[in-house]
Every structure is written in C-alpha cells, then in structure tokens.
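Hydrogens, waters and symmetry mates are skipped; everything else that's a heavy atom, side chains included, is used.
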Amino acid sequence: MAENKDKQSLVSLIFSAPFLLGLVGVGCMVYGVAEGFKVMQFFFGVCIVLGSVGLYFIRKKDWDAHWAEMDQARQAQEKRLAEEADKKK
C-alpha cells in the first residue's frame, strides 16, 4: 500500500485538496497586494496557505497506525485498572 501512495501521479497531486487550497491562498495574497495591499485579503491568503500546509502534513501522517497505538494504550489502561480493582477486593 505504501508503494501506491508514493507513486501518485502528477495530476492527482495537482488536484489534491492541500495544493488547490494553497493556490487559493496564494491568489488571495496576490490579489491583496495587487489592489494596493488590502490587509484582509492578504491576511486570509496567509491563513489559507498555512492551513493547506498543515493539511498536507496531517494527511501525510499514518493515522491507522496512530489509532491502533491509541487502542493498545487504552486496552492496557483498562487492564491495569481492572487488576487494581481486583486487588482492592
């Protein structure tokens, strides 16, 4: 599965959500500067670009492995609490 993820086509990368959001953000920044530096358009453009970069890194993380690890930690916690409750009885 990792091989398929690494070999994404250029078209799928261009039309991905982070890339398109980044383009919108850059467009907002350019529009804000071109119209005599409109602060709000430039500010929202920066926010959109930072959000798209954040989205890229969030989507890059392996969430299945993360949730499996969290589930193991929860099960270990529940087991420890059950053992402590049995010792108290």
* So, are E78 and R74 salt-bridged, with charged N and O less than 4.0 Å apart? ->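 Salt bridge between E78 and R74, a charged N being under 4.0 Å from a carboxylate O: yes.
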* Structure fact -> Taken to the nearest 0.5 Å, the spacing of K79 NZ from L81 CG works out to 12.5 Å
* **Approximate separation, where rounding is to 0.5 Å, of D71 CG and H66 NE2** => 11.0 Å
Distance-only check: which donor-acceptor pairs under 3.5 Å involve side-chain atoms of residues 22-34, not counting sequence neighbours?
none

* **Over 12 foreign heavy atoms within 6.0 Å of CZ, F37** => yes
* With a cutoff of under 4.5 Å between side-chain heavy atoms, which Ile, Leu, Val, Met, Phe, Trp and Tyr residues group with F44? ->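 F44 shares its hydrophobic cluster with M40, F43.
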